[in-house]
Amino acid sequence: MFKKLKRYFIPNEGNDHRPHILRPQAVAFVCLIAIAAEGVFLFGSSFVIPRVKLFGLIIANALVDSTNQARAAADLPALRESGLLDAAAQEKANDMVTNNYFAHTSPSGLTPWYWFQNVGYQFAVAGENLAVDFADSSDVTNAWLNSPEHRANIMNAGFSEIGMATAQGEFEGHPAVYVVELFGTPPVSVIPSVAAAPLLVATNTTNSASQQNLAVVKGAQTEAVSATTAGTATTAGRSLASTQAPAQSPSPQTNLVQGAFADPRRTVDYFYFGIAIFFAIALFLNIFIKIRIQHPQLILGGMLVILLAGLFIVLNQHFGTSGGVIV
């Protein structure tokens, strides 16, 4: 193993002071691998990932994680994931896909609070963030955090629960993933013990929603819609406890593999960064171990690989956030 490493990385008499990793054949092979990886990434992000249903599940889980990570960085408590808010978010996402719109209020006049009440979620305060046409969950989070209005929802200390959902559909004539992020804080009165919970039949409960920023995102551009409204939740034949069960403590939603799939741009950038570091080390060894014996062709080849990797990283930064449209 040491002999192989020495032959490939360290200039010596055995390799004619020309490490194999920097020879034209190796450089050409690595460049082709990098170009192929970039082609797969660009094609997959544009055409494949938006059509894969599994991606929708993973991006939703990854967004819950990244939202709580952003809150933790600001010394805010993590949001508990609520099954009811997940259900409300899913209904809203499905409705946008079915009725071909991207807005807080549907063409038929349904406000965000309709989806809260439709699943029986009673709230003291609530908010909504929307996104569409992303192929990378980190871009969604960054777009929200870079918008003051969206960030205000994510960093709102008054929220205690979160719901997230996605739906595959079409946006402006091409496949896209719709993302709905809901925030809420239930009134204390709706979290009684199960044993003491009364049975409600056709009872209306009015919940006040303080002024919230309802954030809409497309690409990296944002527009905020402020609304002060009230939702009306109707329950029939079920207890308050079953309507508004306490959410479980937050925990990571994605593992390493799922995280890589949810953030393909970051994953491929790490790959290019690794290649650049790998060849930078090889160049350093080649230049300084036998400083009096230099082969310009090898140095230029190593620099070419590093420049190509850097070019793809820069390209991917622009690819992930360009072409946004404000709605």
Side-chain angles (χ1 to χ4, degrees), residues 45-64 81-123 126-137 139-141 143-144 147 149-150 153 161-184 207 209 212-236 323-327:
S45 297
S46 300
F47 301 103
V48 178
I49 286 179
R51 293 176 167 88
V52 178
K53 292 185 177 180
L54 178 62
F55 173 74
L57 173 63
I58 292 176
I59 195 175
N61 291 339
L63 285 171
V64 173
E81 188 167 10
S82 164
L84 287 177
L85 285 181
D86 284 343
Q90 190 64 66
E91 289 190 9
K92 173 62 178 286
N94 292 343
D95 188 69
M96 286 194 294
V97 168
T98 301
N99 294 296
N100 192 29
Y101 72 96
F102 178 61
H104 291 295
T105 301
S106 73
S108 61
L110 297 178
T111 68
W113 320 120
Y114 168 82
W115 308 105
F116 286 81
Q117 71 183 24
N118 202 45
V119 299
Y121 186 91
Q122 301 184 56
F123 55 86
E128 177 184 75
N129 283 350
L130 302 178
V132 69
D133 207 18
F134 286 90
D136 194 304
S137 62
D139 285 342
V140 178
T141 301
W144 281 339
S147 163
E149 295 82 5
H150 301 78
N153 269 345
E161 296 183 345
I162 187 173
M164 194 82 66
T166 64
Q168 276 78 18
E170 287 199 358
F171 182 76
E172 297 182 348
H174 61 270
V177 177
Y178 288 75
V179 183
V180 178
E181 181 178 49
L182 298 182
F183 305 91
N207 310 285
Q212 299 299 328
N213 291 315
L214 307 178
V216 184
V217 179
K218 165 45 178 94
Q221 302 182 40
T222 59
E223 178 179 292
V225 180
S226 296
T228 302
T229 185
T232 302
T234 303
T235 59
V325 176
I326 296 175
V327 296

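- Taking 4.5 Å as the limit, every side-chain heavy atom of Trp144 sits out of range of all side-chain heavy atoms of Asn153.
- Looking at Leu85 and Tyr121, their side chains come closer than 4.5 Å, going by heavy atoms from C-beta outward.
- Between the CZ atom of Phe123 and the CG atom of Leu84 there is a distance of 12.5 Å, given to the nearest 0.5 Å.
- Here the side chain of Lys92 pairs a donor or acceptor atom with the backbone of His104 at under 3.5 angstrom.
- Inter-residue side-chain proximity for Met164 and Val180 is flagged as unmet; no heavy-atom pair is nearer than 4.5 Å.
- In this structure, Gln90 contributes its side chain and Thr166 its backbone to a donor-acceptor pair below 3.5 Å.
- One N or O on the side chain of Asn99 and one on the backbone of Asp95 form a donor-acceptor pair closer than 3.5 Å.
- In terms of heavy-atom proximity, Leu182 sits nearest to Ala89 at CD1-N, 3.4 Å.
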Steps toward side chain to side chain contact (heavy atoms under 4.5 Å, CB included) verdict (Glu81, Asp86): CA-CA 8 Å; Glu81 188 167 10; Asp86 284 343; 2.8 Å; yes
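- In this structure, OH on Tyr178 lies 10.0 Å from OH on Tyr101, to the nearest 0.5 angstrom.
- With a 4.5 Å cut-off on side-chain heavy atoms, Asn118 and Glu91 count as touching.
- For the pair Gly127 and Phe116, the tightest heavy-atom approach, listed with the atom from each and the gap, is O-CZ, 3.9 Å.
- For the pair Glu128 and Leu130, the minimum side-chain heavy-atom distance is below 4.5 Å.
- In this structure, the side chain of Thr105 does not engage the main chain of Gly109 through any donor-acceptor pair within 3.5 Å.
- Asn100 and Glu170 are not linked by any side-chain donor-acceptor pair at a separation below 3.5 angstrom, with hydrogens and angles left out of the test.
- Counting heavy atoms from C-beta outward, Leu63 and Val179 have side chains that approach closer than 4.5 Å.
- Contact of the Asn129 side chain with the Phe183 side chain is registered, since non-hydrogen atoms from C-beta on lie closer than 4.5 Å.
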